[in-house]
Trainee: 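What follows is a structure written as C-alpha coordinates; I'll ask about it next.
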Amino acid sequence: MRKHLPAVLATSLFLALGIYLIAISRGFVEMDEVTHYLQARYAPRRPFLYASVWARPLFTILYTLPAQISFSAARCFTLLIAALAAWIAYRLACAKGIGYAFTAVILTVSQLRYIQQCQTVMTEHLLALLLIGALYFWETERRALSCAVMSLTPLARPEGVFLGPLWFVLVLLDRTSSIATRARRTAILLMGPLLWFVISWAGTGSPTWFVPNFPWSEQARWGIGDFFDYTLRLPKFASWPILILGLAGIAVIRRYHLQKVYLMVGFLFLGHSVLRSGGFFGSAGYLRYLIPISPLLGIGASAGLAAILSTASRLHVPVRRAVLATLFAAGIFTYAISLRLYPIPFPPERAEAHELRRIGEFLATRITSSTVVYCADLHFYLITDRDPWNFGLSNTELLAYVQHDQLVLRELLAGLPVGSYVIYDDTWMRGFMGVTEEDLRRSGYTSVPTGGQEPAPTERAAMGMFTLLVKTIAEKNVP
(Lines give C-alpha, C1' and ligand atoms only; values in the text may rest on other atoms or scores of the structure.)
Protein backbone atom coordinates (compact mmCIF):
# COMPACT_ATOMS: atom_id res chain seq x y z
CA MET A 1 0.00 0.00 0.00
CA ARG A 2 2.87 2.36 0.77
CA LYS A 3 4.19 1.79 -2.75
CA HIS A 4 0.89 2.98 -4.24
CA LEU A 5 0.40 5.88 -1.82
CA PRO A 6 1.74 8.65 -4.15
CA ALA A 7 -0.58 7.47 -6.96
CA VAL A 8 -3.52 7.25 -4.53
CA LEU A 9 -2.86 10.82 -3.32
CA ALA A 10 -2.55 12.14 -6.89
CA THR A 11 -5.80 10.44 -7.93
CA SER A 12 -7.56 11.73 -4.80
CA LEU A 13 -6.43 15.29 -5.50
CA PHE A 14 -7.71 14.99 -9.07
CA LEU A 15 -11.10 13.77 -7.82
CA ALA A 16 -11.28 16.65 -5.34
CA LEU A 17 -10.44 19.17 -8.08
CA GLY A 18 -13.07 17.67 -10.38
CA ILE A 19 -15.77 17.77 -7.69
CA TYR A 20 -14.86 21.40 -7.01
CA LEU A 21 -15.14 22.30 -10.71
CA ILE A 22 -18.52 20.56 -10.96
CA ALA A 23 -19.78 22.30 -7.81
CA ILE A 24 -18.90 25.84 -8.95
CA SER A 25 -20.03 25.42 -12.57
CA ARG A 26 -23.35 27.17 -13.20
CA GLY A 27 -23.39 26.34 -16.90
CA PHE A 28 -21.83 23.69 -19.09
CA VAL A 29 -18.82 23.51 -21.36
CA GLU A 30 -20.83 22.80 -24.52
CA MET A 31 -24.32 21.87 -25.63
CA ASP A 32 -23.35 18.31 -26.59
CA GLU A 33 -22.97 17.28 -22.96
CA VAL A 34 -26.54 18.42 -22.24
CA THR A 35 -27.81 16.35 -25.14
CA HIS A 36 -25.83 13.28 -24.01
CA TYR A 37 -27.25 13.69 -20.52
CA LEU A 38 -30.81 13.93 -21.80
CA GLN A 39 -30.39 10.91 -24.04
CA ALA A 40 -29.12 8.80 -21.14
CA ARG A 41 -31.87 10.10 -18.85
CA TYR A 42 -34.77 9.37 -21.18
CA ALA A 43 -33.47 6.34 -23.09
CA PRO A 44 -35.48 3.95 -20.86
CA ARG A 45 -38.63 5.66 -22.21
CA ARG A 46 -37.26 6.05 -25.77
CA PRO A 47 -35.36 2.78 -26.38
CA PHE A 48 -34.25 3.79 -29.89
CA LEU A 49 -31.76 6.12 -28.18
CA TYR A 50 -29.77 3.11 -26.97
CA ALA A 51 -29.04 2.22 -30.60
CA SER A 52 -28.25 5.80 -31.61
CA VAL A 53 -24.92 6.39 -33.31
CA TRP A 54 -24.76 9.91 -31.96
CA ALA A 55 -25.73 8.95 -28.43
CA ARG A 56 -23.26 5.98 -28.38
CA PRO A 57 -24.86 2.77 -27.05
CA LEU A 58 -22.29 1.90 -24.38
CA PHE A 59 -22.19 5.48 -23.11
CA THR A 60 -25.99 5.68 -22.89
CA ILE A 61 -26.23 2.34 -21.08
CA LEU A 62 -23.57 3.23 -18.51
CA TYR A 63 -24.87 6.75 -17.88
CA THR A 64 -28.55 5.78 -17.61
CA LEU A 65 -28.43 5.33 -13.83
CA PRO A 66 -26.46 8.47 -12.86
CA ALA A 67 -28.55 10.51 -15.32
CA GLN A 68 -31.70 9.53 -13.38
CA ILE A 69 -30.19 11.23 -10.33
CA SER A 70 -29.07 14.59 -11.72
CA PHE A 71 -26.90 16.35 -14.25
CA SER A 72 -24.19 16.77 -11.61
CA ALA A 73 -24.30 13.04 -10.83
CA ALA A 74 -23.71 12.26 -14.51
CA ARG A 75 -20.76 14.66 -14.49
CA CYS A 76 -19.33 12.97 -11.39
CA PHE A 77 -19.57 9.65 -13.22
CA THR A 78 -17.35 11.07 -15.99
CA LEU A 79 -14.92 12.21 -13.30
CA LEU A 80 -14.73 8.66 -11.92
CA ILE A 81 -14.10 7.27 -15.41
CA ALA A 82 -11.32 9.83 -15.96
CA ALA A 83 -9.71 8.94 -12.61
CA LEU A 84 -9.92 5.20 -13.36
CA ALA A 85 -8.26 5.68 -16.77
CA ALA A 86 -5.42 7.60 -15.09
CA TRP A 87 -5.06 4.87 -12.46
CA ILE A 88 -4.79 2.15 -15.12
CA ALA A 89 -2.12 4.28 -16.82
CA TYR A 90 -0.21 4.13 -13.54
CA ARG A 91 -0.66 0.35 -13.29
CA LEU A 92 0.61 -0.06 -16.85
CA ALA A 93 3.62 2.15 -16.04
CA CYS A 94 4.31 -0.13 -13.07
CA ALA A 95 4.03 -3.19 -15.30
CA LYS A 96 6.54 -1.61 -17.69
CA GLY A 97 9.00 -1.03 -14.86
CA ILE A 98 9.05 2.75 -15.33
CA GLY A 99 10.72 4.52 -12.42
CA TYR A 100 8.50 6.86 -10.41
CA ALA A 101 5.49 5.26 -12.07
CA PHE A 102 3.09 7.35 -9.97
CA THR A 103 3.97 10.31 -12.19
CA ALA A 104 1.92 8.63 -14.94
CA VAL A 105 -1.20 9.61 -12.94
CA ILE A 106 -0.01 13.18 -12.45
CA LEU A 107 1.05 13.62 -16.07
CA THR A 108 -2.31 12.27 -17.26
CA VAL A 109 -4.72 14.22 -15.06
CA SER A 110 -2.78 17.49 -15.36
CA GLN A 111 -3.23 17.67 -19.14
CA LEU A 112 -5.25 20.82 -19.76
CA ARG A 113 -8.04 19.35 -21.88
CA TYR A 114 -8.27 16.28 -19.66
CA ILE A 115 -9.06 18.51 -16.67
CA GLN A 116 -11.57 20.57 -18.62
CA GLN A 117 -13.50 17.60 -19.96
CA CYS A 118 -13.52 15.61 -16.69
CA GLN A 119 -16.42 17.80 -15.55
CA THR A 120 -18.57 17.14 -18.63
CA VAL A 121 -21.06 14.49 -19.70
CA MET A 122 -19.10 13.54 -22.80
CA THR A 123 -17.87 10.36 -24.45
CA GLU A 124 -14.12 10.87 -24.87
CA HIS A 125 -13.08 9.76 -21.37
CA LEU A 126 -15.00 6.51 -21.79
CA LEU A 127 -13.00 5.69 -24.92
CA ALA A 128 -9.81 6.66 -23.07
CA LEU A 129 -10.71 4.13 -20.35
CA LEU A 130 -11.45 1.37 -22.86
CA LEU A 131 -8.26 2.02 -24.83
CA ILE A 132 -5.90 2.11 -21.84
CA GLY A 133 -7.74 -0.87 -20.32
CA ALA A 134 -7.39 -2.94 -23.49
CA LEU A 135 -3.69 -2.10 -23.75
CA TYR A 136 -3.10 -2.89 -20.06
CA PHE A 137 -4.73 -6.31 -20.35
CA TRP A 138 -2.80 -7.02 -23.55
CA GLU A 139 0.55 -6.11 -22.04
CA THR A 140 -0.15 -8.13 -18.87
CA GLU A 141 -0.91 -11.28 -20.91
CA ARG A 142 -4.71 -11.20 -20.48
CA ARG A 143 -5.28 -10.90 -24.18
CA ALA A 144 -8.74 -12.42 -24.48
CA LEU A 145 -9.96 -9.84 -21.94
CA SER A 146 -8.09 -7.16 -23.88
CA CYS A 147 -9.96 -8.11 -27.06
CA ALA A 148 -13.29 -8.08 -25.18
CA VAL A 149 -12.64 -4.54 -23.95
CA MET A 150 -11.46 -3.36 -27.37
CA SER A 151 -14.58 -4.83 -29.01
CA LEU A 152 -16.67 -2.29 -27.07
CA THR A 153 -14.88 0.76 -28.47
CA PRO A 154 -17.22 1.18 -31.51
CA LEU A 155 -20.11 1.42 -29.02
CA ALA A 156 -18.33 4.24 -27.18
CA ARG A 157 -17.09 6.46 -30.02
CA PRO A 158 -16.70 6.24 -33.84
CA GLU A 159 -12.91 5.88 -33.46
CA GLY A 160 -13.61 2.35 -32.32
CA VAL A 161 -14.49 1.45 -35.91
CA PHE A 162 -10.80 1.90 -36.70
CA LEU A 163 -9.35 0.62 -33.41
CA GLY A 164 -11.05 -2.77 -33.80
CA PRO A 165 -9.26 -3.63 -37.08
CA LEU A 166 -5.97 -2.37 -35.61
CA TRP A 167 -6.38 -4.78 -32.69
CA PHE A 168 -7.15 -7.54 -35.17
CA VAL A 169 -3.74 -6.89 -36.75
CA LEU A 170 -2.11 -7.20 -33.31
CA VAL A 171 -3.91 -10.50 -32.78
CA LEU A 172 -2.86 -11.72 -36.21
CA LEU A 173 0.79 -10.81 -35.65
CA ASP A 174 0.94 -12.35 -32.18
CA ARG A 175 3.29 -15.26 -32.96
CA THR A 176 3.30 -16.42 -29.34
CA SER A 177 -0.26 -17.72 -29.76
CA SER A 178 -1.60 -20.63 -31.77
CA ILE A 179 -3.83 -20.20 -34.80
CA ALA A 180 -6.81 -21.49 -32.80
CA THR A 181 -6.16 -18.94 -30.02
CA ARG A 182 -5.93 -16.11 -32.54
CA ALA A 183 -9.19 -17.24 -34.12
CA ARG A 184 -10.92 -17.17 -30.73
CA ARG A 185 -9.61 -13.68 -30.02
CA THR A 186 -10.81 -12.50 -33.41
CA ALA A 187 -14.28 -13.83 -32.55
CA ILE A 188 -14.14 -11.92 -29.25
CA LEU A 189 -13.31 -8.72 -31.16
CA LEU A 190 -16.60 -9.14 -33.04
CA MET A 191 -18.66 -9.33 -29.83
CA GLY A 192 -19.05 -5.55 -29.47
CA PRO A 193 -20.40 -4.89 -32.97
CA LEU A 194 -22.71 -7.90 -32.64
CA LEU A 195 -23.97 -6.46 -29.37
CA TRP A 196 -24.89 -3.27 -31.22
CA PHE A 197 -27.07 -5.31 -33.59
CA VAL A 198 -28.85 -6.77 -30.55
CA ILE A 199 -29.29 -3.32 -28.97
CA SER A 200 -30.58 -1.97 -32.27
CA TRP A 201 -33.10 -4.81 -32.59
CA ALA A 202 -34.30 -4.32 -29.00
CA GLY A 203 -34.57 -0.54 -29.30
CA THR A 204 -35.95 -0.10 -32.81
CA GLY A 205 -37.20 -3.48 -34.00
CA SER A 206 -34.54 -3.55 -36.71
CA PRO A 207 -31.14 -5.14 -35.96
CA THR A 208 -29.47 -3.06 -38.70
CA TRP A 209 -31.10 0.28 -37.83
CA PHE A 210 -27.81 1.91 -36.83
CA VAL A 211 -26.00 0.93 -40.05
CA PRO A 212 -27.61 3.51 -42.39
CA ASN A 213 -27.51 6.04 -39.53
CA PHE A 214 -23.73 5.84 -39.25
CA PRO A 215 -22.03 8.91 -40.81
CA TRP A 216 -20.13 6.88 -43.39
CA SER A 217 -20.19 9.55 -46.08
CA GLU A 218 -20.73 12.68 -44.01
CA GLN A 219 -18.07 15.14 -45.11
CA ALA A 220 -17.14 18.76 -44.42
CA ARG A 221 -20.29 19.39 -42.35
CA TRP A 222 -18.21 21.47 -39.93
CA GLY A 223 -15.63 22.63 -42.43
CA ILE A 224 -12.18 21.33 -43.32
CA GLY A 225 -9.00 22.05 -41.36
CA ASP A 226 -5.32 21.90 -42.12
CA PHE A 227 -3.59 18.53 -41.67
CA PHE A 228 -1.30 20.07 -39.04
CA ASP A 229 -4.18 21.72 -37.17
CA TYR A 230 -3.99 19.30 -34.23
CA THR A 231 -0.19 19.47 -34.18
CA LEU A 232 -0.23 23.25 -33.78
CA ARG A 233 -2.79 23.04 -30.98
CA LEU A 234 -1.08 20.30 -28.95
CA PRO A 235 0.23 22.77 -26.31
CA LYS A 236 -3.36 23.84 -25.71
CA PHE A 237 -4.30 20.19 -25.33
CA ALA A 238 -1.65 18.95 -22.91
CA SER A 239 0.75 21.85 -22.03
CA TRP A 240 4.37 22.27 -23.10
CA PRO A 241 6.16 20.42 -20.25
CA ILE A 242 4.04 17.27 -20.66
CA LEU A 243 4.57 17.30 -24.44
CA ILE A 244 8.33 17.68 -23.99
CA LEU A 245 8.42 14.79 -21.53
CA GLY A 246 6.32 12.73 -23.93
CA LEU A 247 8.83 13.37 -26.70
CA ALA A 248 11.68 12.50 -24.32
CA GLY A 249 9.96 9.18 -23.70
CA ILE A 250 10.57 8.21 -27.32
CA ALA A 251 14.25 7.80 -26.45
CA VAL A 252 13.42 4.95 -24.04
CA ILE A 253 10.77 3.13 -26.06
CA ARG A 254 12.84 -0.03 -26.23
CA ARG A 255 13.95 0.10 -22.60
CA TYR A 256 10.39 0.17 -21.29
CA HIS A 257 8.73 -1.66 -24.21
CA LEU A 258 6.50 1.29 -25.08
CA GLN A 259 6.08 0.45 -28.76
CA LYS A 260 2.33 -0.17 -28.53
CA VAL A 261 1.80 2.90 -26.32
CA TYR A 262 3.29 5.20 -28.93
CA LEU A 263 1.66 3.22 -31.74
CA MET A 264 -1.77 3.98 -30.26
CA VAL A 265 -0.90 7.65 -29.76
CA GLY A 266 0.35 8.00 -33.33
CA PHE A 267 -2.57 6.04 -34.77
CA LEU A 268 -5.26 8.19 -33.15
CA PHE A 269 -3.39 11.46 -33.63
CA LEU A 270 -2.65 10.88 -37.31
CA GLY A 271 -6.12 9.44 -37.84
CA HIS A 272 -7.81 12.55 -36.51
CA SER A 273 -5.46 14.75 -38.53
CA VAL A 274 -6.52 12.92 -41.69
CA LEU A 275 -10.23 13.07 -40.78
CA ARG A 276 -9.99 16.80 -40.08
CA SER A 277 -8.06 17.56 -43.26
CA GLY A 278 -10.85 15.99 -45.32
CA GLY A 279 -13.80 16.74 -43.07
CA PHE A 280 -14.55 12.99 -43.04
CA PHE A 281 -17.15 11.53 -40.66
CA GLY A 282 -18.32 15.08 -40.01
CA SER A 283 -15.14 15.75 -38.04
CA ALA A 284 -15.37 19.15 -36.36
CA GLY A 285 -11.73 19.22 -35.25
CA TYR A 286 -12.40 19.56 -31.51
CA LEU A 287 -9.33 19.09 -29.33
CA ARG A 288 -11.34 16.87 -26.99
CA TYR A 289 -11.22 14.19 -29.69
CA LEU A 290 -7.61 13.58 -28.57
CA ILE A 291 -8.52 12.82 -24.94
CA PRO A 292 -8.37 9.02 -25.54
CA ILE A 293 -4.60 9.37 -25.98
CA SER A 294 -4.15 11.28 -22.69
CA PRO A 295 -3.41 8.22 -20.47
CA LEU A 296 -1.01 6.93 -23.13
CA LEU A 297 0.70 10.31 -23.35
CA GLY A 298 0.90 10.30 -19.54
CA ILE A 299 2.76 6.98 -19.63
CA GLY A 300 5.13 8.25 -22.32
CA ALA A 301 5.79 11.46 -20.38
CA SER A 302 6.40 9.41 -17.22
CA ALA A 303 8.97 7.33 -19.10
CA GLY A 304 10.59 10.52 -20.39
CA LEU A 305 10.81 11.90 -16.86
CA ALA A 306 12.28 8.61 -15.61
CA ALA A 307 14.90 8.77 -18.38
CA ILE A 308 15.85 12.33 -17.41
CA LEU A 309 16.13 11.41 -13.72
CA SER A 310 18.17 8.32 -14.60
CA THR A 311 20.57 10.41 -16.69
CA ALA A 312 20.86 13.04 -13.96
CA SER A 313 21.69 10.38 -11.37
CA ARG A 314 25.07 9.91 -13.05
CA LEU A 315 26.07 13.52 -12.37
CA HIS A 316 27.89 14.69 -9.24
CA VAL A 317 25.50 15.42 -6.38
CA PRO A 318 25.78 19.27 -6.41
CA VAL A 319 25.45 19.40 -10.19
CA ARG A 320 22.56 16.90 -10.16
CA ARG A 321 20.65 18.92 -7.60
CA ALA A 322 21.17 22.14 -9.54
CA VAL A 323 20.11 20.55 -12.83
CA LEU A 324 17.01 18.91 -11.32
CA ALA A 325 16.02 22.09 -9.47
CA THR A 326 16.36 24.09 -12.69
CA LEU A 327 14.33 21.58 -14.71
CA PHE A 328 11.64 21.40 -12.02
CA ALA A 329 11.34 25.20 -11.82
CA ALA A 330 11.25 25.46 -15.63
CA GLY A 331 8.52 22.80 -15.82
CA ILE A 332 6.33 24.47 -13.20
CA PHE A 333 6.83 27.90 -14.78
CA THR A 334 6.04 26.60 -18.28
CA TYR A 335 2.95 24.77 -17.03
CA ALA A 336 1.77 27.94 -15.27
CA ILE A 337 2.21 29.86 -18.52
CA SER A 338 0.18 27.17 -20.31
CA LEU A 339 -2.63 27.54 -17.76
CA ARG A 340 -2.49 31.30 -18.23
CA LEU A 341 -2.68 31.04 -22.02
CA TYR A 342 -5.29 28.25 -22.05
CA PRO A 343 -7.25 28.55 -18.78
CA ILE A 344 -9.60 25.81 -17.65
CA PRO A 345 -13.09 27.26 -18.23
CA PHE A 346 -15.61 27.83 -15.48
CA PRO A 347 -18.68 27.95 -17.74
CA PRO A 348 -21.23 30.57 -16.70
CA GLU A 349 -24.95 30.26 -17.25
CA ARG A 350 -25.76 30.86 -20.89
CA ALA A 351 -27.23 34.21 -21.93
CA GLU A 352 -30.58 32.76 -23.01
CA ALA A 353 -31.13 30.79 -19.78
CA HIS A 354 -33.11 33.59 -18.09
CA GLU A 355 -35.45 33.99 -21.06
CA LEU A 356 -35.99 30.24 -21.33
CA ARG A 357 -36.74 30.09 -17.61
CA ARG A 358 -39.33 32.85 -17.99
CA ILE A 359 -41.03 30.96 -20.81
CA GLY A 360 -40.87 27.81 -18.71
CA GLU A 361 -42.63 29.53 -15.82
CA PHE A 362 -45.32 30.73 -18.22
CA LEU A 363 -45.81 27.25 -19.64
CA ALA A 364 -46.01 25.72 -16.17
CA THR A 365 -49.43 27.37 -15.76
CA ARG A 366 -50.64 26.16 -19.17
CA ILE A 367 -49.28 22.66 -19.72
CA THR A 368 -51.74 19.81 -19.44
CA SER A 369 -51.14 16.09 -19.71
CA SER A 370 -52.11 16.20 -23.41
CA THR A 371 -49.95 19.21 -24.28
CA VAL A 372 -46.77 18.71 -26.27
CA VAL A 373 -43.91 21.19 -25.89
CA TYR A 374 -40.88 21.23 -28.16
CA CYS A 375 -37.79 23.43 -28.01
CA ALA A 376 -34.93 23.17 -30.48
CA ASP A 377 -32.47 24.41 -27.87
CA LEU A 378 -32.20 21.42 -25.53
CA HIS A 379 -30.82 23.63 -22.76
CA PHE A 380 -34.45 24.42 -22.02
CA TYR A 381 -35.05 20.86 -20.94
CA LEU A 382 -32.10 20.95 -18.59
CA ILE A 383 -33.80 23.89 -16.90
CA THR A 384 -37.36 22.50 -16.88
CA ASP A 385 -36.43 18.79 -16.67
CA ARG A 386 -38.90 17.84 -19.40
CA ASP A 387 -38.55 14.90 -21.77
CA PRO A 388 -37.55 16.42 -25.16
CA TRP A 389 -38.87 13.37 -27.02
CA ASN A 390 -42.31 13.52 -25.40
CA PHE A 391 -44.51 14.26 -28.41
CA GLY A 392 -47.29 11.91 -27.35
CA LEU A 393 -45.87 9.30 -29.76
CA SER A 394 -44.80 5.74 -29.06
CA ASN A 395 -41.21 4.67 -29.68
CA THR A 396 -42.22 3.11 -33.02
CA GLU A 397 -44.23 6.17 -34.10
CA LEU A 398 -41.35 8.48 -33.19
CA LEU A 399 -38.95 6.43 -35.33
CA ALA A 400 -40.99 7.40 -38.39
CA TYR A 401 -39.65 10.95 -37.93
CA VAL A 402 -36.01 9.90 -37.41
CA GLN A 403 -33.66 9.97 -40.38
CA HIS A 404 -29.87 9.79 -40.20
CA ASP A 405 -30.19 9.60 -36.41
CA GLN A 406 -31.92 13.01 -36.24
CA LEU A 407 -35.49 14.16 -35.92
CA VAL A 408 -36.99 15.51 -39.15
CA LEU A 409 -38.47 18.61 -37.54
CA ARG A 410 -40.41 20.02 -40.45
CA GLU A 411 -42.52 16.87 -40.77
CA LEU A 412 -42.76 16.18 -37.05
CA LEU A 413 -43.83 19.67 -35.99
CA ALA A 414 -46.37 19.83 -38.80
CA GLY A 415 -47.82 16.52 -37.62
CA LEU A 416 -48.21 17.47 -33.95
CA PRO A 417 -51.78 17.82 -32.62
CA VAL A 418 -53.60 21.08 -31.95
CA GLY A 419 -52.51 22.54 -28.61
CA SER A 420 -48.83 21.73 -29.07
CA TYR A 421 -46.37 24.44 -28.05
CA VAL A 422 -43.11 25.19 -29.87
CA ILE A 423 -40.39 27.48 -28.63
CA TYR A 424 -38.90 28.70 -31.86
CA ASP A 425 -35.17 29.44 -31.84
CA ASP A 426 -34.22 31.18 -35.08
CA THR A 427 -30.52 30.35 -34.76
CA TRP A 428 -30.99 26.62 -34.25
CA MET A 429 -34.18 25.81 -36.12
CA ARG A 430 -33.58 27.89 -39.21
CA GLY A 431 -29.78 27.73 -39.19
CA PHE A 432 -29.35 24.01 -38.53
CA MET A 433 -32.73 22.41 -39.27
CA GLY A 434 -33.97 24.64 -42.10
CA VAL A 435 -37.30 25.30 -40.36
CA THR A 436 -38.47 28.91 -40.40
CA GLU A 437 -41.06 30.61 -38.23
CA GLU A 438 -43.16 31.07 -41.36
CA ASP A 439 -43.10 27.30 -41.93
CA LEU A 440 -44.66 26.84 -38.50
CA ARG A 441 -47.31 29.46 -39.14
CA ARG A 442 -48.25 27.71 -42.39
CA SER A 443 -48.66 24.53 -40.33
CA GLY A 444 -51.23 26.21 -38.08
CA TYR A 445 -49.06 27.77 -35.35
CA THR A 446 -49.64 31.26 -33.95
CA SER A 447 -47.60 33.41 -31.55
CA VAL A 448 -48.39 33.36 -27.84
CA PRO A 449 -47.71 36.45 -25.67
CA THR A 450 -45.81 35.28 -22.60
CA GLY A 451 -46.37 38.40 -20.53
CA GLY A 452 -43.80 40.78 -19.17
CA GLN A 453 -41.78 43.35 -21.07
CA GLU A 454 -40.52 42.21 -24.46
CA PRO A 455 -36.71 42.30 -24.73
CA ALA A 456 -34.97 44.77 -27.01
CA PRO A 457 -33.83 43.49 -30.44
CA THR A 458 -30.20 43.20 -29.30
CA GLU A 459 -31.27 41.22 -26.24
CA ARG A 460 -33.43 38.96 -28.41
CA ALA A 461 -30.42 38.26 -30.61
CA ALA A 462 -28.30 37.40 -27.56
CA MET A 463 -31.04 35.09 -26.27
CA GLY A 464 -31.39 33.15 -29.52
CA MET A 465 -34.49 34.89 -30.96
CA PHE A 466 -37.03 32.84 -29.01
CA THR A 467 -40.69 32.93 -30.02
CA LEU A 468 -43.41 30.91 -28.32
CA LEU A 469 -46.01 29.49 -30.71
CA VAL A 470 -48.99 27.21 -30.19
CA LYS A 471 -50.76 25.10 -32.80
CA THR A 472 -54.31 26.34 -33.09
CA ILE A 473 -55.33 24.88 -36.48
CA ALA A 474 -54.90 21.35 -37.75
CA GLU A 475 -52.65 21.21 -40.82
CA LYS A 476 -55.31 19.71 -43.03
CA ASN A 477 -57.54 22.73 -42.33
CA VAL A 478 -54.90 25.29 -43.19
CA PRO A 479 -55.80 27.06 -46.48
Side-chain angles (χ1 to χ4, degrees), residues 51 53 56-59 61-62 85 88-89 91-92 95-96 123-201 207-208 210-218 253 257-275 278 280-281 283 289-297 299-300:
V53 174
R56 330 292 193 214
L58 182 63
F59 176 91
I61 291 170
L62 293 177
I88 295 177
R91 297 297 295 153
L92 182 55
K96 295 289 186 182
T123 59
E124 284 78 11
H125 280 98
L126 179 57
L127 181 60
L129 176 61
L130 294 175
L131 182 57
I132 191 66
L135 188 58
Y136 173 72
F137 290 131
W138 183 276
E139 297 287 68
T140 54
E141 303 300 327
R142 287 171 280 185
R143 295 185 174 175
L145 184 55
S146 171
C147 291
V149 173
M150 182 55 69
S151 76
L152 295 175
T153 57
L155 282 71
R157 279 196 59 82
E159 293 93 327
V161 174
F162 304 100
L163 288 170
L166 178 63
W167 227 245
F168 167 73
V169 173
L170 291 180
V171 169
L172 189 65
L173 297 179
D174 180 19
R175 301 301 181 185
T176 64
S177 302
S178 66
I179 294 177
T181 299
R182 280 179 270 177
R184 285 195 298 271
R185 290 171 183 169
T186 300
I188 293 173
L189 279 172
L190 297 175
M191 288 172 53
L194 289 175
L195 178 60
W196 203 342
F197 283 100
V198 174
I199 294 171
S200 183
W201 174 77
T208 60
F210 72 93
V211 176
N213 285 300
F214 206 91
W216 303 106
S217 60
E218 188 171 311
I253 283 180
H257 306 288
L258 298 175
Q259 291 89 341
K260 293 183 181 63
V261 170
Y262 279 95
L263 171 65
M264 294 296 106
V265 171
F267 180 79
L268 283 174
F269 183 78
L270 292 176
H272 275 297
S273 296
V274 170
L275 292 177
F280 304 115
F281 280 83
S283 176
Y289 293 163
L290 298 182
I291 282 177
I293 73 173
S294 289
L296 303 172
L297 180 58
I299 293 172

Trainee: Working to the nearest 0.5 Å, report the span between CD1 of Ile253 and NZ of Lys260.
Mentor: 12.0 Å
Trainee: Starting at CG of Leu275, measure out to CD of Glu159 and round the result to the nearest 0.5 Å.
Mentor: 8.0 Å
Trainee: Ignoring hydrogens, what is the shortest heavy-atom contact between Ser283 and Tyr289? Give both atom names and the distance.
Mentor: OG-CE1, 4.0 Å
Trainee: Can you sort out the partners of Phe267 under ring-ring contact (aromatic ring centres under 6.0 Å, His included), two or more places apart, ordered by chain and number?
Mentor: none
Trainee: Tell me the closest heavy-atom pair linking Ile291 and Ala128, and the distance in Å.
Mentor: O-CB, 3.9 Å
Trainee: Is it true that, when you exclude Ile179 itself, more than 12 heavy atoms of the residues, nucleotides or ligands shown sit nearer than 6.0 Å to its CD1?
Mentor: no
Trainee: Once you round to the nearest 0.5 Å, how far does OG1 of Thr153 lie from CG of Leu131?
Mentor: 8.0 Å
Trainee: Once side chain to side chain contact (heavy atoms under 4.5 Å, CB included) is applied, do any residues pair with Ala156, and if so which ones, sequence neighbours excluded?
Mentor: Leu58, Leu126, Leu130
Trainee: Which heavy atom of Arg182 sits nearest a heavy atom of Leu172, and at what distance?
Mentor: NH1-O, 3.0 Å
Trainee: Report the distance from atom CG of Leu127 to atom CG of Leu163, rounding to the nearest 0.5 Å.
Mentor: 6.0 Å
Trainee: Within the 4.5 Å heavy-atom criterion, are Phe210 and Pro57 side-chain neighbours or not?
Mentor: no
Trainee: The criterion is side chain to side chain contact (heavy atoms under 4.5 Å, CB included); which residues satisfy it with Glu141, sequence neighbours excluded?
Mentor: Arg143
Trainee: Kindly write out the residues that satisfy side chain to side chain contact (heavy atoms under 4.5 Å, CB included) with Leu195, not counting sequence neighbours, or none if the list is empty.
Mentor: Leu152, Leu155, Ile199
Trainee: If you measure from CD1 on Ile293 to CE on Met264, what distance do you get to the nearest 0.5 Å?
Mentor: 12.0 Å
Trainee: For Ser146, enumerate each residue passing the side chain to side chain donor-acceptor pair (under 3.5 Å) test, keeping only those at least two apart in sequence or located in another chain.
Mentor: Trp167
Trainee: Of all residues at least two apart in sequence or in a different chain, which pass the side chain to side chain contact (heavy atoms under 4.5 Å, CB included) check with Thr123?
Mentor: His36, Arg56, Phe59, Arg157
Trainee: For Val161 and Phe214, run side-chain contact (heavy atoms from CB on, under 4.5 Å): C-alpha distance rounded to whole Å, both residues' side-chain angles, the deciding distance at 0.1 Å, then the answer.
Mentor: CA-CA 11 Å; Val161 174; Phe214 206 91; 3.6 Å; yes
Trainee: Report the C-alpha distance between Leu190 and Phe168 in whole Å, list the side-chain angles of each, state the deciding distance to 0.1 Å, and finish with yes or no for side-chain contact (heavy atoms from CB on, under 4.5 Å).
Mentor: CA-CA 10 Å; Leu190 297 175; Phe168 167 73; over 6 Å; no
Trainee: When rounded to the nearest 0.5 angstrom, what distance separates CG in Leu263 from CG in Leu296?
Mentor: 10.0 Å
Trainee: Assess the residue pair Val211 and Phe197 against the criterion (side-chain contact (heavy atoms from CB on, under 4.5 Å)); give the C-alpha distance rounded to whole Å, side-chain angles, the decisive distance to 0.1 Å, and a yes or no.
Mentor: CA-CA 9 Å; Val211 176; Phe197 283 100; 4.2 Å; yes
Trainee: How close do Ser151 and Pro154 get, counting heavy atoms only, and between which atoms?
Mentor: O-CD, 3.2 Å
Trainee: Kindly determine whether Ser177 and Arg185 satisfy side-chain hydrogen bond (donor to acceptor under 3.5 Å, both in side chains), including the steps that lead there.
Mentor: CA-CA 10 Å; Ser177 302; Arg185 290 171 183 169; 2.8 Å; yes
Trainee: If you apply the rule side-chain contact (heavy atoms from CB on, under 4.5 Å), what do you find for Trp196 with Val53, and how did you get there?
Mentor: CA-CA 10 Å; Trp196 203 342; Val53 174; 4.0 Å; yes
